Amino acid sequence: MNKQDLMAEVRDTTGLSKEQAERAVEAVFGLITEALRRGDEVRIVGFGSFFVGTRAASPGRNPRTGERIDLPPTKQPKFRAGKTLKEAVS
């Protein structure tokens, strides 16, 4: 399922217009993104949690030259599935 399919499912499930469903889906994604940008965690009971994890600095290699380089620490968005979602998939 891609974003367009999700919008169509929201429209069909809720009876919203195409534009309203698109705004609703975009709003949810935007709010989750903004919360993660601030460093907040987004917990949706029964579904899961979105949070920002830190990836430690690590050694690497330049693929062009083979030279060793140090990769800096980075922040990564992560998702941890909730119990209800895990059970639904199992």
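Predicted model only: the values in this text are computed from it and were never measured. Just so you know, these numbers use all the heavy atoms, side chains as well, and skip hydrogens, waters and symmetry mates.
Among all heavy-atom pairs drawn from L36 and P77, the shortest one is CD1-CB, 4.3 Å. When all heavy atoms of P59 and R68 are compared, the closest pair comes out as CB-NH2, 3.1 Å. What you find for G46 and T84 is that their closest heavy atoms are O-CB, 3.1 Å.
Taking the charged nitrogens against the carboxylate oxygens, E41 and R43 do have a contact shorter than 4.0 Å, which makes a salt bridge.
Side chains of E9 and M1 form a contact here, defined as non-hydrogen atoms less than 4.5 Å apart.
The side chain to side chain contact (heavy atoms under 4.5 Å, CB included) test applied to E87 returns K83, not counting sequence neighbours.
The structure places CZ of R80 at 9.5 Å from NZ of K78, a figure rounded to the nearest 0.5 Å. Of the inter-residue distances, the one linking T74 atom OG1 with R55 atom CZ reads 5.5 Å to the nearest 0.5 angstrom. The CZ atom of R61 lies 9.5 Å from the CD atom of E67; values are rounded to the nearest 0.5 Å.
Follow the hydrophobic side-chain contacts under 4.5 Å out from I44 and you never reach V10; the two are in separate clusters.
Under a 4.5 Å side-chain heavy-atom cut-off, the cluster of Ile, Leu, Val, Met, Phe, Trp and Tyr residues that includes F51 has no other member.
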> Going through the distances and angles, do F79 and L85 end up as a side-chain contact (heavy atoms from CB on, under 4.5 Å)?
Replying inline: CA-CA 12 Å; F79 176 76; L85 179 59; 4.0 Å; yes
Could you tabulate the donor-acceptor pairs under 3.5 Å formed by side-chain atoms of residues 21-34, not counting sequence neighbours?
{"residue": "E26", "atom": "OE1", "partner": "K3", "partner atom": "NZ", "Å": "3.4"}
{"residue": "E26", "atom": "OE2", "partner": "K3", "partner atom": "NZ", "Å": "2.8"}
{"residue": "T33", "atom": "OG1", "partner": "F29", "partner atom": "O", "Å": "2.8"}
{"residue": "E34", "atom": "OE1", "partner": "R37", "partner atom": "NH1", "Å": "2.7"}

